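Notes to accompany the following structure.
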Amino acid sequence: MQVQINTDNTLPGREALLGEIETTVRDRLSRFEDRLTRVEVHLTDEDGSSRDLDDKRCMIEARPAGRDPVSVTDQAGSIDQATAGALGKLTTVLERTFGRQTNRKGH
């Protein structure tokens with residue numbers, strides 16, 4: 001599973017942030033690792049200010065092998081919170097997607 005992280009210029013400490021986010025993504029999606037070819041994470045600060053607004057956005061697109069890509073978005077007061085929210089949503093979507101694929105009636 002390839003992980004690509006994209007950020008805008010307004011996020012402070014981008015280098016440290018990228019490593020931390022990649023580790024979090026790999027940990028949370030490890031059980032789907034053999035079924036995903038690529039995961040793209042897009043992090044943005046909607047208004048570019050340091051005020052504590054729910055303006056940090058994390059969009060994650062996962063590409064399951066042989067299937068259409070799925071994407072989720074979450075907004076929160078911090079990048080960590082937005083990433084955690086988006087990963088929670090993505091985990092739910094992937095569980096449903098792969099669950100339907102393997103858990104058919106009587107199979």
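Everything numeric here is computed off the predicted structure, so don't read it as measured data.
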Please give me the minimum heavy-atom distance between Ala76 and Ala82, naming the atom from each residue. CB-N, 3.6 Å
By side-chain contact (heavy atoms from CB on, under 4.5 Å), which residues pair with Ser71, not counting sequence neighbours? Met59, Glu61
Under the ring pair (Phe, Tyr, Trp, His ring centres under 6.0 Å) definition, can you give me all pairs with a residue in residues 65-90, not counting sequence neighbours? none
Salt bridge (Lys or Arg N to Asp or Glu O under 4.0 Å) involving Arg28 - partner list, sequence neighbours excluded: none
Is the shortest side-chain heavy-atom distance between Asp8 and Leu43 below 4.5 Å? no
Can you tell if the side chain of Leu18 reaches within under 4.5 Å of the side chain of Glu22, non-hydrogen atoms only? no
Which residues satisfy the side chain to side chain donor-acceptor pair (under 3.5 Å) test with Asn6, sequence neighbours excluded? Gln4, His42
Residues forming a side-chain contact (heavy atoms from CB on, under 4.5 Å) with Thr37, sequence neighbours excluded: Arg63, Ala65
Measure the shortest side-chain to side-chain distance between Thr24 and Asp80 over non-hydrogen atoms and say whether it is less than 4.5 angstrom. no
Contacts of Ala86 that satisfy side-chain contact (heavy atoms from CB on, under 4.5 Å) - sequence neighbours left out: Cys58, Ile60, Val72, Asp74
Let's go through Leu36 and Leu94 carefully: what are the C-alpha distance in whole Å and the side-chain angles of both, what is the deciding distance for side-chain contact (heavy atoms from CB on, under 4.5 Å) to 0.1 Å, and is it a yes or a no? CA-CA 10 Å; Leu36 298 175; Leu94 292 175; 4.0 Å; yes
Run the side-chain contact (heavy atoms from CB on, under 4.5 Å) check on Met1 and Arg26 step by step: do they pass? CA-CA 9 Å; Met1 170 176 72; Arg26 287 190 182 281; 4.3 Å; yes
Please tell me if the side chains of Ile21 and Ile79 come closer than 4.5 Å, counting only heavy atoms from C-beta onward. yes
Nearest 0.5 Å, what's the OG1-CG distance between Thr83 and Leu17? 7.0 Å
Distance, nearest 0.5 Å, that separates OG1 of Thr44 from CG of Asp55: 8.5 Å
With the threshold set at 4.0 Å, does a side-chain nitrogen-carboxylate oxygen contact exist between Glu33 and Arg31? no
Name all pairs fulfilling the ring pair (Phe, Tyr, Trp, His ring centres under 6.0 Å) condition that reach into residues 18-39, sequence neighbours left out, sorted by first residue then second. Phe32-Phe98
Would you please name every residue forming a salt bridge (Lys or Arg N to Asp or Glu O under 4.0 Å) with Glu20, sequence neighbours left out? none
Residue list, side chain to side chain donor-acceptor pair (under 3.5 Å) with Thr7, at least two apart or on another chain: Arg14
